[in-house]
Amino acid sequence: MTVSMYKISVPIFVQFLTSLSANLDKAAAFAEARKIDPSVLLGTRLAPDMYPLLRQVRAATDHAVSAGGRLAGAEMPSFANTEATIPELKDRIAKTIAFLKTLKAADIDGTEDREIKITFPSGATREFTGQSLLLGNSLPNFYFHCTTAYDILRHCGIELGKRDFMGTPVQM
């Protein structure tokens with residue numbers, strides 16, 4: 001039985017980005033109720049050498065856009081990376097979800113063996129197949145950044161549970 005590359009990517013990205021956005025709503029409410037500047041939450045990190053919450057959210061959206069766009073061969077939206085508030089991060093998430101929803105199963109299914117070459121800002125390049133990009137790079141990185149964002153919010157005292165992290169499965 002073949003697994004759909006689309007079904008293991010786009011709906012998953014949308015599900016977890018939707019829950020991440022809802023968790024940011026809870027963060028905003030938490031900050032307001034406790035008279036905490038939301039930028040304090042956005043600047044929080046779990047360890048000195050880890051990205052803060054703000055950058056974790058950006059990275060999650062970047063991995064979703066990159067995977068979906070590269071697999072589909074679609075032009076990807078670019079972000080200025082200037083978000084500094086919870087509403088700006090939620091807008092970035094909404095734009096990412098909107099982009100992902102433009103991708104169709106026919107665009108992504110069958111890309112398992114597609115050759116994908118990524119050139120990083122450092123100039124280094126890496127070659128993938130569609131399947132190795134998705135399963136060995138994009139999904140693990142996406143989950144890492146979503147999980148770390150959730151963990152930062154929990155660390156700050158925001159009441160979140162597993163259901164808040166998982167969200168609701170999306171039918172697309």
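Side-chain contact between Ile158 and Leu41: present, with at least one pair of heavy atoms (C-beta onward) separated by less than 4.5 Å. Taking the side chain as every heavy atom from C-beta outward, Ile118 and Leu133 approach each other to under 4.5 Å. Two residues are said to be in side-chain contact when any heavy atoms from C-beta on lie closer than 4.5 Å; Tyr6 and Pro11 meet this criterion. For the pair Lys26/Asp164, a side-chain contact is recorded, criterion being any heavy-atom separation below 4.5 Å from C-beta on. Residues Leu42 and Leu89 form a side-chain contact, since some pair of their non-hydrogen atoms from C-beta on lies under 4.5 Å apart. Residues Thr82 and Arg92 have side chains not in contact (no heavy-atom distance under 4.5 Å, counting atoms from C-beta outward). Contact annotation: the side chain of Leu17 approaches that of Leu100 to within less than 4.5 Å [non-hydrogen atoms, C-beta and beyond].
Using a distance-only test at 3.5 Å, with no hydrogens or angles considered, no donor-acceptor pair links the side chain of Glu112 to the main chain of Thr129. A donor-acceptor distance shorter than 3.5 angstrom exists from the side chain of Thr147 to the backbone of Tyr143, with no hydrogens or angles considered.
Taking all atoms of both residues into account, the shortest heavy-atom contact from Arg45 to Pro52 is NH2-CD, 3.6 Å. Contact record, Thr111 with Met5: OG1-CE, 3.6 Å, taken as the closest heavy-atom pair. The two atoms that bring Leu54 and Glu83 nearest to each other are CD1-O, 3.3 Å, heavy atoms only. Looking at every heavy atom in both residues, Thr44 comes nearest to His155 through CG2-CD2, 4.3 Å. Residues Ala60 and Cys146 come closest through the heavy atom pair CB-SG, 3.9 Å. Of all non-hydrogen atoms in Ile116 and Gly130, the two that sit nearest each other are CD1-CA, 3.8 Å.
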Requested in this report: Step by step, work out the side chain to side chain contact (heavy atoms under 4.5 Å, CB included) result for Leu135 and Ile8.
Outcome: CA-CA 9 Å; Leu135 298 178; Ile8 64 172; 3.8 Å; yes

**Report entry** Derivation of the side chain to side chain contact (heavy atoms under 4.5 Å, CB included) call for Phe165 and Leu160
**Finding:** CA-CA 8 Å; Phe165 172 74; Leu160 299 170; over 6 Å; no

Query - Test side chain to side chain contact (heavy atoms under 4.5 Å, CB included) applied to Met172 and Val10, step by step - result: CA-CA 8 Å; Met172 298 181 72; Val10 174; 3.8 Å; yes

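Distance check, rounded to the nearest 0.5 Å: OH of Tyr150 to NZ of Lys162 gives 9.5 Å. One distance of note links OG1 of Thr148 with CG of Leu46; it measures 6.5 Å at 0.5 Å rounding. Note that CG of Asp113 and CD of Glu115 are 9.0 Å apart. Values are rounded to the nearest 0.5 Å. One distance of note links CG of Leu71 with CG of Leu134; it measures 5.5 Å at 0.5 Å rounding. To the nearest 0.5 Å, atoms CD (Glu75) and CZ (Phe99) are separated by 9.0 Å. The distance from the CD atom of Gln56 to the CZ atom of Phe144 is 6.0 Å, given to the nearest 0.5 Å.
Around atom CZ of Phe79, more than 12 heavy atoms belonging to other residues, nucleotides or ligands sit under 6.0 Å away. No more than 12 heavy atoms of other residues, nucleotides or ligands sit less than 6.0 Å from atom CZ of Arg55.
By the 30° and 60° cut-offs, the orientation of the rings of Tyr51 relative to His145 is parallel. Relative orientation of the Phe142 and Phe13 rings is perpendicular, given thresholds of 30° and 60° on the angle between their planes.
Scanning for side chain to side chain contact (heavy atoms under 4.5 Å, CB included) contacts around Ala47 gives Asp49, Met50, with sequence neighbours left out. Every side-chain hydrogen bond (donor to acceptor under 3.5 Å, both in side chains) that Ser21 has, sequence neighbours left out, goes to Lys90.
Side-chain contact, Asn23 with Arg154: no donor N or O sits under 3.5 Å from an acceptor N or O.
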